[in-house]
There are 2 protein chains.
Amino acid sequence: MADNARHPESRYGNRPTMKDVAARAGVGLKTVSRVVNGEPGVTPDTERRVQEAIEALGFRRNDSARVLRKGRTASIGLVLEDLADPFYGPLSRAVEEVAREHGALLINGSSAEDADREQELVLAFCARRVDGLIVIPAGSDHRYLEPEIKAGVATVFVDRPAGRIDADVVLSDSFGGARAGVAHLIAHGHRRIGFIGDQPRIHTATERLRGYHAAMADADLPVDEAWVSLGSTSPERVRVAAESMLAGPDGVTALFAGNNRVTVTAVRVLAGRERPVALVGFDDIELADLLGITVISQDAAALGRTAAELLFRRLDGADGTPARVELPTALIQRGSGEVPPPAGG
Amino acid sequence: MADNARHPESRYGNRPTMKDVAARAGVGLKTVSRVVNGEPGVTPDTERRVQEAIEALGFRRNDSARVLRKGRTASIGLVLEDLADPFYGPLSRAVEEVAREHGALLINGSSAEDADREQELVLAFCARRVDGLIVIPAGSDHRYLEPEIKAGVATVFVDRPAGRIDADVVLSDSFGGARAGVAHLIAHGHRRIGFIGDQPRIHTATERLRGYHAAMADADLPVDEAWVSLGSTSPERVRVAAESMLAGPDGVTALFAGNNRVTVTAVRVLAGRERPVALVGFDDIELADLLGITVISQDAAALGRTAAELLFRRLDGADGTPARVELPTALIQRGSGEVPPPAGG
DNA sequence: CCTGCATGTGACAACGTTGTCCAGGGCCTA
DNA sequence: TAGGCCCTGGACAACGTTGTCACATGCAGG
């Protein structure tokens, strides 16, 4: 009765341990360990007896205890903004695939674009002693990670650079992509182009805005401040922003959407209008081909894969100054970006 | 030098432990533990000294060791088919959200629809001593989980029932949903309706097929075996299947797509045809409203939330026979399902 | 027959934390 | 002022595993 609850607070029904296996097999504890870990120096006969005991008891090695001894957990943490965002699915999957190749498990968390929650997650991962971290930053100050990094937790930032610390980062070329997208609209005759982006504290949002301004400047086009809108990507806000830019005779004739969520809402808004408006969006979208949406495409899976590979190189001992990798984007023409401005525009 | 590598195999740069903190603060080990865990019985002055030492050393509690002592890991494992599939993003996010409410972390893994890989992941999670498991089954035999469940690992299956063991499961009403979708097509005048689904070993695939047959039988319509195709959901296969069903004067006038991936390919195939073909798909898809795709929608987030809540009820001690929860689906009319058959059809 | 060596095996400490238990000191009451 | 209690703090064992080391045994060679 009493020994039926070695862990009063636990609901584990007393899982067998190596000690139990050893007792049943009539061997020493260490011999069981050797068998379980495939270490040499065990006679076939002993090994068989141990295997039988393992089988009979349903023993499974406790990796928590193992970790405590060995120091490595063979797991990495991934903090992203929202697992439900279609952009992060492929990224997450790519990270998982690389982790799997290295025999590591993936612990996931969504920050919901909240800096405190990001920190909370990251530190929880560190308490679990993950070997490494891949972080899509929500906050803009990552000095809280300094002791962790100093203690040996490899860390790679993705999609946006870390704030106030020097660390590895893998990015898409937001500036160049946006510049190319806006230049594409200009090349098709547009002179009044609107930009709707994410909140300005997000690095990619400002980079893309910078690309917009660069393209306009390249073509010597003025930018009316009413054509630019940064803020939440909620459908309501984006809708209001788009409609206000499009209103009136001097409204914009083309829109550049700063990310996938903005694009989706923009498509909905434009679908309800009579006069066609040109649209280029940052990020590709499923079924965009059928809807004829021209986009600047970034390869989310490549971002994840690159970051994870960099992380494991660090874990395998690669030293050196923090790397900054920038992946190219691609303009995919599907029609919406090739709509000319109206005759009088 | 020597003590700079207490763990020869570890890359942790000797993280400080409670012992180190205790030494620096000039208190006992247990006192540090009390402060870290917010236990009572520490004077404000002592607490301050300890906090300062923690701060100065960058100490962070090692949860691996904690877990070993306490028996609970405050983490749950989620095995699904593919994180990159848009259906699983919201599901995964919902699970994460519930886990967060219960102070647990989420460990993720994709089985890639492979039974061996599912088992490998599940057992790896068990070795980590996750408190609970949420599994979207890839395999059809889960007896390998019996010792784990007996040892107290709470387990909930989602989207498909477990194979050969009796366990909690949360499902969508695949049968009813498909039946309603096909009945909808019949109500709009179709008599020759094609069904393209996933591989027959997948429970939802056969359930949806069953729904298709039921709806046809309800209307006393014959089913030509050439109208039914189960198999891989790769675009190539689905395209071939769809084109062959649609070919000829006696080809089908409507298609029912068995899941989101099939629907996407079907839309692409149908977009290339002159004569309109009606389409209803299982699972909603982003932008389906703009494309006018009629779907049977299942609430992936609700599946995840329901499963996670059930899991935590089990962890909180809820006993009783395994539950089977079935969530309803909804028909969303958007146009593609309301296309009538051609005059002669 | 003893030495030397290889091989298989087990005893033991350690990993970092928490639960149990006990000691010392201050305070209250009789 | 003695006796009891509460409050704070620390010593110690235990969690389940692995690394180190030492002990048996067996066999070959001197």
Side-chain angles (χ1 to χ4, degrees), chain A residues 2-3 5-12 14-23 25-50 54 57 59-74 126-129 151, chain B residues 2-3 5-23 25-50 53-54 57 59-74 126-129 151:
Chain A
D3 80 73
R6 292 197 299 227
H7 274 158
E9 302 196 7
S10 153
R11 289 198 67 256
Y12 290 141
N14 286 353
R15 297 197 70 123
T17 70
M18 287 191 177
K19 201 165 137 190
D20 302 323
V21 174
V27 302
L29 182 54
K30 180 67 208 199
T31 299
V32 177
S33 172
R34 275 192 268 261
V35 171
V36 169
N37 294 296
E39 288 169 25
V42 181
T43 50
D45 181 58
T46 310
E47 171 157 6
R48 190 186 41 71
R49 287 215 316 285
V50 172
I54 288 176
L57 295 173
F59 167 81
R60 182 148 347 265
R61 181 180 65 198
N62 184 333
D63 275 356
S64 289
R66 174 169 223 247
V67 154
L68 183 57
R69 233 0 274 254
K70 305 203 72 140
R72 277 250 198 162
T73 58
C126 289
R128 294 299 167 101
R129 296 294 188 266
Chain B
D3 79 74
R6 293 197 298 225
H7 274 159
E9 301 196 8
S10 152
R11 290 199 66 257
Y12 290 144
N14 284 354
R15 298 197 70 124
T17 70
M18 286 191 177
K19 202 165 136 190
D20 301 324
V21 174
V27 302
L29 183 54
K30 180 65 207 199
T31 299
V32 177
S33 173
R34 274 193 268 261
V35 171
V36 169
N37 294 294
E39 287 170 24
V42 182
T43 50
D45 182 59
T46 309
E47 171 158 6
R48 190 185 42 71
R49 287 217 314 286
V50 171
I54 289 176
L57 295 173
F59 167 80
R60 183 147 349 263
R61 180 180 67 199
N62 184 333
D63 276 356
S64 289
R66 175 169 223 248
V67 155
L68 183 58
R69 235 357 275 254
K70 305 204 71 138
R72 277 251 198 160
T73 58
C126 290
R128 294 300 167 100
R129 296 292 188 268

request  = Please report, rounded to the nearest Å, how far the C1' atom of D/dG16 is from the CG atom of B/Asn62.
outcome  = 14 Å
query = Base, sugar-phosphate, or nothing: which does B/Ser64 touch, judged by heavy atoms less than 4.0 Å apart?
reply = nothing
inquiry  = Below the 4.0 Å mark, does D/dT17 have OP1 or OP2 next to a side-chain nitrogen or oxygen of A/Ser33?
reply    = no
key: Any side-chain heavy-atom pair of A/Arg129 and B/Asn62 under 4.5 Å   = yes
request  = Check whether the side chain of A/Lys30 and the base of D/dG19 form a donor-acceptor pair under 3.5 Å.
outcome  = yes
ask   = Can you check the B/Asp63 CG to C/dC15 P distance for me, whole Å?
value = 19 Å
inquiry  = Taking donor-acceptor contacts at under 3.5 Å, does the side chain of B/Arg34 reach the base of D/dG9?
reply    = yes
request  = Figure out the CG/P separation between B/Asp20 and C/dG16, and round it to whole Å.
outcome  = 8 Å
request  = Would you check if the side chain of A/Asn37 reaches a backbone N or O of A/Glu39 as a donor-acceptor pair within less than 3.5 Å?
outcome  = no
query = Counting N and O atoms only, with roles assigned by atom type, does the side chain of B/Arg49 sit under 3.5 Å from a partner on the main chain of B/Ala25, one being a donor and the other an acceptor?
reply = yes
ask   = Which residue, B/Arg49 or A/Ala65, contacts DNA chain D at a nucleotide closer to its 5' end, judged by nearest heavy atom?
value = B/Arg49
request  = Send over the distance from B/Leu68 CG to C/dC15 P, rounded to a whole Å.
outcome  = 14 Å
inquiry  = Can you tell me if A/Asn37 touches the phosphate of D/dT18, counting only side-chain N or O atoms and a distance under 4.0 Å to OP1 or OP2?
reply    = yes
message = For B/Thr17 versus B/Asp20, what's the shortest heavy-atom pair and its separation?
response = N-OD2, 2.8 Å
request  = Looking only at non-hydrogen atoms, find the nearest pair between A/Leu68 and B/Ala65 and report the distance.
outcome  = CD1-CB, 3.7 Å
task = Measure from CZ on A/Arg66 to P on D/dT17 and round the result to the nearest Å.
result = 10 Å
task = Output yes when at least one side-chain N/O atom of A/Lys70 is less than 4.0 Å from OP1 or OP2 of D/dG19, else no.
result = yes
ask   = Side chain of B/Arg69, base of C/dT18: donor and acceptor closer than 3.5 Å?
value = yes
query = Please give, in whole Å, the distance from D/dT17 C1' to A/Ile54 CD1?
reply = 14 Å
ask   = Starting at CD of A/Glu39 and ending at P of D/dT17, how long is that distance when rounded to a whole Å?
value = 13 Å
inquiry  = Closest approach to the side chain of B/Val42, judged atom by atom: which nucleotide of C/dG16, D/dG9, D/dT18 is it?
reply    = D/dG9
message = Whether B/Thr43 contacts D/dT8 is assessed here as follows: a side-chain N or O lying under 4.0 Å from the phosphate OP1 or OP2. Is that the case?
response = no
key: For B/Val42 against B/Arg34, the heavy-atom pair lying closest together   = CG2-CB, 3.8 Å
ask   = For B/Thr31 and D/dT8, is the shortest distance between a side-chain N/O and OP1 or OP2 below 4.0 Å?
value = no
request  = Would you mind reading off the distance between A/Leu29 atom CG and C/dA14 atom C1', rounded to a whole angstrom?
outcome  = 13 Å
query = Hey, does B/Val36 reach any base, or is it just sugar-phosphate, or nothing, if we go heavy atoms under 4.0 Å?
reply = nothing
remark   = The nucleotide from C/dG10, D/dT18, C/dT17 with an atom nearest the side chain of A/Met18 is D/dT18
